[in-house]
Structure formats: C-alpha cells, structure tokens
Amino acid sequence: MKQNFGSFVKKESLHILRDTRTMLVVMLIPVVLMVLFGFAISTEVNNIPVAVVAPNRTDGVEKAVDRLAHNEYFSFKGYISATEIDEQLRTGKVSAVVVFDADFDKKLAQQQAGVPITPAIQLIVDASNVNTANSSVAYMQGILLGTASQQAMFETRMLFNPQMKSAYNFVPGIMGFIFILVCAMMTSVSIVREKEVGTMEVLLVSPVRPVKIIFAKMIPYFGISFVVLVVMLVLARFLLDVPMSGGVWGILAVSILYLLLALSLGLLVSTIAQTQLVALLVSAVVMMMPIMMLSGMMFPIENLPDFFKVVSHIIPARWYNDAIRKMMIQGVSIVDVWHDVVILVGMTVLLITVSLKKFNDKLE
C-alpha cells in the first residue's frame, strides 16, 4: 500500500514538473510580485519637488531651506515669487511650496521666548494625490521647524522601522497573499482537472483509498510551495533588506502551517467547482479582494468599519500577516504569536475536515 501511495506521489510530481508553463508561472509570479511591491509600489515619500517663497532670505530662512534641500525626501527647485505659486503647482513643476513670513526670524525668536505668535510658515501642497500630500506635510513640518522651541521639548523615536520602509509592511502581506493564491489555485485546478477529463474515476478504482489519492496530489504542490517560500524569504532578506529578527526557524514553521492551510483551502474549492475555469475564478479572483483589503496587507485593520473588522477574522491571511510581521520586524519569537498560530491551526484542521467530508460525500 505504501508503494502504491508513493507511486501516486511520483506520478503527480512528474506530471507537474513536465508542465513547464505552469511551473514558470508558479515560480515567476511570487518573484515578480515581491519585487513589484518591494520596489515599485511604495508608500515612502521620495524626491517631492518643492519650491520656496521667501520675501526676506534671512539666516533663519536659509538654515531651514538648507535642511529641506539636503533631505533625500525632497527635491529643492529653488526660490519663486508669490505670484508664481499657482502656476508652478498647476503645471506640476512642484508638488509643494513653502512660504516664509517676512518676519520669520523675529517670530522664531518670539516663539523660543514663549511669546504667542501667528504662523510663520505656510505650506501650500498639491492635494490631488492625498497620500503624497499627507506625507509631505508631515515631513516638511519636522524639517522646517527643527529649530523651533516646541520641537526641542520632545524626542521622537521610531521603533522597528525607523526608515519607514514600505517593504517592511508589504513583504509579510504579499507572502500571505501569494501562498493563498498560488497554493489554493494549483491544488483546486489540479483536482478539478482530473474530474473534468474523467481520470479521477480511474484513480478511485485503484487499491489506494480516495483520501490517500488526495494527499498524494497535495504533497508535490506542498513541495513546490516550500521552494517558493524559501525563494521569497531569500528575496525579502537579501534583496529588500527586510529583517528576520524573530528567527528564521520560527518564520518557516508558521509559514509551513500557512501553506497547509492554503492547500486545504484549494482542496475545499475543488469540491465546490465543477470545471477548471470555475476553480480558477474562485481561487484567483474571489479570494483576491478580501485578502488584499481585509488582511492588513494594504490598509490597517483598525481603520476598517466594524462590519468588515468582524469579517476580517475569517481571513486566514490576517493572522498570518500579523504573526510574520511581528516575527520579522519586531523580533518576537513564535511563542509570542501563539494566538495567531492557534487560530491558523484551527482553520487548517477545520478546512481539511470539511474538505475531506465533502469529497467523500461526492464520491458516495
């Protein structure tokens, strides 16, 4: 019996390896998405073009502008007049304009002496891109008011991600997204294909039990998924410079558990879908939006409406993202994310149980 089971595993493995197009897609998609989200899709503020209006170029103004010009997040485009502000912003030559009050130095001295003053700097920002506008305002306030007394009264420390790199946020999220998408899609389409072409009936009359046939088909996909996992971790560490402070073995353990969950989800989809097209649509399309929107990958879960916060609890990627982000970025161990691990284990057991029951019911 063990020999028959091993033969099924070998048969399925050879079938997968001979399908070069599928292998290319499976191995290429994770790499492309990792690089795309790590480099191209970024929430970091960089090279924002800024101009300055300064009626009096005093020492205080020059120092503030110098800090702005030498900051990597901004590209200083020079001084302009007040009448040029609208034209510069409308044509896109600059995204923000800093307007210094004519009495900037005097107001700065009064402020440092504790005397109430009217605003000494006006920031005029192109808000057509909300993300850039919000980020640029926050950055510029900190840079331009670096000498102000209220800035000297407190110290700000950014823990875990002091450079505010967006890759630190995207990498755990894209890993959770890819494993669900690829693993569930591969498993569901493979099993449905056997049913669609009629070869599943041939397999079921073999000496191997139906449950073992299913596991024999899942083992090669688990192997491929593990290779994808290793590739993504290597890219994250050495290409995107994402830390793995919590330990590689703990990250691997949680990720392997998540792979099993994703494969179980693909098995469940295969019991519902009757054609490869339906299986592909459910795996690749129906799951895509909830994972992206409700897992914390793109938007903080805390910002979601109450209804979607509740719905997010059934999204496996939410718990995986939370555990991996803490282990990678915050440096906690697998013991400290036990809550996420327990939920993932429960989801995996539930999905496997329901999937096998539905599969056996269909056979009967």
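As the structure is a computational prediction, the values presented were derived from the model and not from experiment.
Smallest separation of non-hydrogen atoms from I80 and Q88: CD1-CG, 3.9 Å. G266 and S188 make their closest contact through O-CB, 3.2 Å (heavy atoms, listed as atom of the first residue, atom of the second, distance). Minimum heavy-atom separation, L351 to L268: CD2-CD2, 3.7 Å. Of all non-hydrogen atoms in A54 and V61, the two that sit nearest each other are CB-CG1, 3.8 Å. Closest non-hydrogen pair, V99 versus I124, comes out as CG2-CD1, 3.9 Å. In this structure, N321 and G176 approach most closely via the heavy-atom pair OD1-CA, 3.9 Å.
The distance from the OG1 atom of T58 to the CG atom of D103 is 9.5 Å, given to the nearest 0.5 Å. The structure places CE of M327 at 10.0 Å from CG of D340, a figure rounded to the nearest 0.5 Å. To the nearest 0.5 Å, the span separating CE on M232 from CG on L240 amounts to 9.5 Å. One finds the CD1 atom of I352 at 11.5 Å from the CG atom of L265 (value rounded to the nearest 0.5 Å).
Under the 4.5 Å side-chain criterion, counting only non-hydrogen atoms from C-beta, P172 is in contact with M328. Using a 4.5 Å heavy-atom cutoff, the side chains of V50 and V97 are not in contact. Considering only heavy atoms from C-beta on, L123 comes within 4.5 Å of I121 through its side chain. Two residues are said to be in side-chain contact when any heavy atoms from C-beta on lie closer than 4.5 Å; V53 and S81 fail this criterion. Inter-residue side-chain proximity for Y258 and I180 is flagged as met; some heavy-atom pair is nearer than 4.5 Å. Annotation: side chain of L257 is in contact with side chain of V345 (closest heavy-atom distance under 4.5 Å). Side-chain contact between F100 and R57: absent, with no pair of heavy atoms (C-beta onward) separated by less than 4.5 Å. The shortest side-chain heavy-atom distance between E87 and K93 falls under the 4.5 Å cut-off.
The pair K63-D59 does not meet the salt-bridge criterion, since no charged nitrogen lies less than 4.0 angstrom from a carboxylate oxygen. We find that R237 and D241 are joined by a salt bridge, their nearest charged nitrogen and carboxylate oxygen being less than 4.0 Å apart.
Side-chain heavy atoms closer than 4.5 Å link hydrophobic residues (I, L, V, M, F, W, Y) into clusters, and following such links, even through other members, never connects L304 to V310. Cluster annotation: W249 is not connected to W338 through the hydrophobic network of ILVMFWY side chains, with a link wherever side-chain heavy atoms come within less than 4.5 Å. Cluster membership check: L89 does not share its hydrophobic cluster with V125, using side-chain heavy-atom separations under 4.5 Å among Ile, Leu, Val, Met, Phe, Trp and Tyr. Cluster membership for I324 and V342, using ILVMFWY side-chain heavy atoms within less than 4.5 angstrom, is not shared. In terms of hydrophobic clustering, with Ile, Leu, Val, Met, Phe, Trp and Tyr side chains grouped at heavy-atom distances under 4.5 Å, M293 and F307 are assigned to a common cluster.
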**Request:** Please lay out, stage by stage, how F76 and H70 fare under the test side chain to side chain contact (heavy atoms under 4.5 Å, CB included).
**Result:** CA-CA 8 Å; F76 180 53; H70 288 85; over 6 Å; no

**Request:** Apply side chain to side chain donor-acceptor pair (under 3.5 Å) to the pair S295 and R318, showing each step before the final yes or no.
**Result:** CA-CA 4 Å; S295 68; R318 168 185 173 168; over 6 Å; no

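Between the N56 side chain and the A102 main chain, a donor and an acceptor come within less than 3.5 Å of each other. Side-chain atoms of D336 come within 3.5 Å of backbone atoms of S333 as a donor-acceptor pair (strictly under, hydrogens ignored).
Test L229, L233, I334 against I251 for side-chain contact (heavy atoms from CB on, under 4.5 Å) and you get one pass: L233.
Counting non-hydrogen atoms of neighbouring residues, nucleotides and ligands closer than 6.0 angstrom, the NE2 atom of H313 exceeds 12 such neighbours. Counted within 6.0 Å of CZ on F308, heavy atoms from surrounding residues, nucleotides or ligands total 12 or fewer; the atom is thus considered open.
Aromatic ring pairs are classed by plane angle as parallel below 30°, tilted from 30° to 60° and perpendicular above 60°; the pair F179 and Y320 is perpendicular.
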